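Keep in mind it's a predicted model, so treat the numbers as computed, not measured. All values below were derived from every heavy atom in this structure, side-chain atoms included, with hydrogens, water molecules and symmetry-related copies excluded.
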Amino acid sequence: MSTTLTIRNLEEPVKHLLRMQAASHKRSMEAEARDILTRAVTQATSDNSLAAGSANEAAIRALNAVRGKWQGRGSTDEMMRALRGED
């Protein structure tokens with residue numbers, strides 16, 4: 001499951017804040033943005049009253065399953081360094 005998302009025209013102050021927030025969580029900007037987006041859409045969807053078995057609920061379950069697989073595995077930067085043998 002791999003998707004590329006390009007965000008154009010992001011204001012510099014927002015980019016800077018994202019960079020600072022990512023650093024405070026010891027992860028890359030990409031990992032931070034991925035977490036923010038996942039939490040935002042999961043929360044927004046779960047705040048709505050959804051019918052059981054709906055496509056939205058299935059999507060939330062799928063996102064949570066994927067998120068759980070990566071929790072505790074470190075940042076993207078750490079994983080890339082390990083893959084390159086730089087650790």
Side-chain angles (χ1 to χ4, degrees):
M1 180 175 110
S2 178
T3 302
T4 300
L5 173 68
T6 302
I7 301 174
R8 292 181 176 89
N9 302 319
L10 187 64
E11 295 180 8
E12 193 61 37
V14 174
K15 180 181 171 185
H16 176 73
L17 290 170
L18 179 62
R19 179 178 291 132
M20 298 302 290
Q21 185 172 320
S24 74
H25 292 142
K26 295 182 170 65
R27 56 184 167 202
S28 68
M29 285 177 54
E30 179 182 343
E32 188 70 21
R34 191 171 32 249
D35 184 64
I36 291 167
L37 288 169
T38 301
R39 282 185 290 117
V41 298
T42 303
Q43 181 180 357
T45 306
S46 64
D47 286 347
N48 298 330
S49 58
L50 300 172
S54 73
N56 287 333
E57 287 179 334
I60 290 170
R61 285 193 301 274
L63 283 172
N64 287 334
V66 171
R67 181 194 289 169
K69 289 179 185 177
W70 293 101
Q71 283 181 339
R73 292 197 178 187
S75 71
T76 302
D77 293 338
E78 291 167 339
M79 293 173 70
M80 293 305 295
R81 282 193 296 274
L83 287 171
R84 287 187 220 117
E86 295 175 358
D87 284 346

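A side chain to side chain donor-acceptor pair (under 3.5 Å) check over residues 7-23, counting only residues at least two apart or in different chains, returns the pairs Gln21-Glu32.
Among all heavy-atom pairs drawn from Ala22 and Ser28, the shortest one is CB-O, 3.5 Å.
As a member of the Ile/Leu/Val/Met/Phe/Trp/Tyr network built from side-chain separations under 4.5 Å, Ile36 groups with Leu18, Met29. Apart from Leu37 itself, the hydrophobic cluster it occupies contains Leu5, Ile7, Leu10, Val14, where clustering links Ile, Leu, Val, Met, Phe, Trp and Tyr at side-chain heavy-atom distances under 4.5 Å.
Contact check for Asp35 versus His25: no side-chain heavy atoms found under the 4.5 Å cut-off.
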